[in-house]
Amino acid sequence: MAQHDADRVADWNDQSGERWAAHQARLDAMLAVFGQAAIEAAAPATGERVLDIGCGAGASSLDLAARVGAEGHVLGVDISEPLIGRARALAPQDTPVLFQVADASSAELPEGAFDILFSRFGVMFFDDPTGAFAHMRRALRPGGRVVFVCWRGMAENDWVRLPMGAIKGIVPPLAPPDPEAPGPFSFGDRERVARILTLAGFTDIAITPFDASVPFGKGATRDAAIDDAVETTLEVGPLSRVLADQPDDIRARASAAVRAAFAGRPGERLVMIDGATWIVMARNPAS
Ligand SMILES: C[S@@+](CC[C@H](N)C(=O)[O-])C[C@H]1O[C@@H](n2cnc3c(N)ncnc32)[C@H](O)[C@@H]1O
């Protein structure tokens, strides 16, 4: 395993995984509509077998299981032990779903065993995405489909655009991120996604924008909802890493600026933000 991959596995098993698990309910509320859009696109039928890649705490796996029913099967894989632990704890007993700790880019997967490869925001973290998709394609039956939802650019997504804009001038400027480096926005460029899937052997590639206004903070009052949005931002995602090494006074100023940014968004006991994604579909050639 390359060092970068090893670091990321360690991170999803440590801080990122623990924080994601702690914020799972609010992240699920934010991501649900995007996951549902991808599931509608995948149109899982009764009896189908689905691999949910980077399934995290398993919300999409459970939704998929409800669609394929008892004759079908869902395998949720994720490299994060804390998140798979959470997924197992949340899954009702008689659901046709199994969860497994595994690196989807290299784990041994049964050949041709799935009708659908699915992911809700779990495929943007591979060091070698083409190699990973070529590997995962082998688990798909001939003619099977891959369907996933991923973020478009950072500039179109309020959960990062608003806080990152707010901290400009408070935190020293960052080197511009490599847009292709593994991370939430590494699939923002539609041409790149199409290239990765083509090189990995997929055909019939369709990449469609899907936008939605989603709840990011939630609380008993408007103020509590804004505090909730700020807390999530400071603990999960890119801003948490930017602020991790900053002194307390900078963190406090950044937090106040982020709060003001979220206070400008609509919602009563919620903070509604705009999210921009791609719904990506492609097919494994029939033979
Ligand atoms: C942004 S989270 C999304 C989690 C979940 N799909 C959801 O929508 O709630 C990304 C997930 O991908 C997982 N992940 C990252 N790299 C992975 C890999 N190589 N194999 C399997 N899972 C991976 C992480 O552990 C994390 O749970």
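Counting starts at 1 for both ligands and their atoms, in listed order. Starting from 1, each residue takes its place in the sequence as its number.
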Does a side-chain heavy-atom distance below 4.5 Å link [X] with [Y]?
X: Glu71; Y: Pro96; answer: no
X: Phe121; Y: Val149; answer: yes
X: Lys218; Y: Met30; answer: no

Practice task
Flag yes if Val33 and Trp151 sit in one hydrophobic cluster, no otherwise; membership is Ile, Leu, Val, Met, Phe, Trp, Tyr, and two members link when side-chain heavy atoms are under 4.5 Å apart.
Solution key: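 Cluster IDs for Val33 and Trp151 match.
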
[X] neighbourhood, listing ligand 1 atoms whose heavy-atom distance to it stays under 4.0 Å:
X: Phe126; value: 18 (C), 19 (N)
X: Phe121; value: 1 (C), 2 (S), 3 (C), 10 (C)
X: Gly56; value: 4 (C), 5 (C), 27 (O)

Handout entry: N/O donor-acceptor pair under 3.5 Å between Asp103 side chain and Ile79 backbone
Key = no

Practice task
Indicate yes or no for a side-chain donor-acceptor contact from Thr46 to the backbone of Gly69 under 3.5 Å, with no hydrogens or angles considered.
Solution key: no

Problem - Among Asp115, Leu117, Leu51, Leu109, side chain to side chain contact (heavy atoms under 4.5 Å, CB included) partner for Leu140 - result: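 Considering Asp115, Leu117, Leu51, Leu109, a side chain to side chain contact (heavy atoms under 4.5 Å, CB included) with Leu140 is found only for Leu117.
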
Practice task
May I ask you to check whether Asp78 has an N/O atom sitting below 3.5 Å from an N/O atom of ligand 1?
Solution key: yes

Practice task
Give yes or no for whether the N/O distance cutoff of 3.5 Å, strictly under, is met between Asp103 and ligand 1.
Solution key: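 Yes; the residue has a nitrogen or oxygen that sits under 3.5 Å from a nitrogen or oxygen of the ligand.
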
Problem - Leu83 touching ligand 1 at heavy-atom level, < 4.0 angstrom - result: yes

Exercise for the section: Return yes when Cys55 approaches ligand 1 closer than 4.0 angstrom through a heavy atom, no otherwise. Expected result: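 Contact present.
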
Pick from [options]: the one approaching [atom] most closely through a non-hydrogen atom:
atom: atom 7 (C) of ligand 1; options: Met136, Met124, Arg120, Gln100; answer: Arg120
atom: atom 20 (N) of ligand 1; options: Ala38, Ser61, Ala104; answer: Ala104
atom: atom 4 (C) of ligand 1; options: Gly122, Ala102, Gly54; answer: Gly54

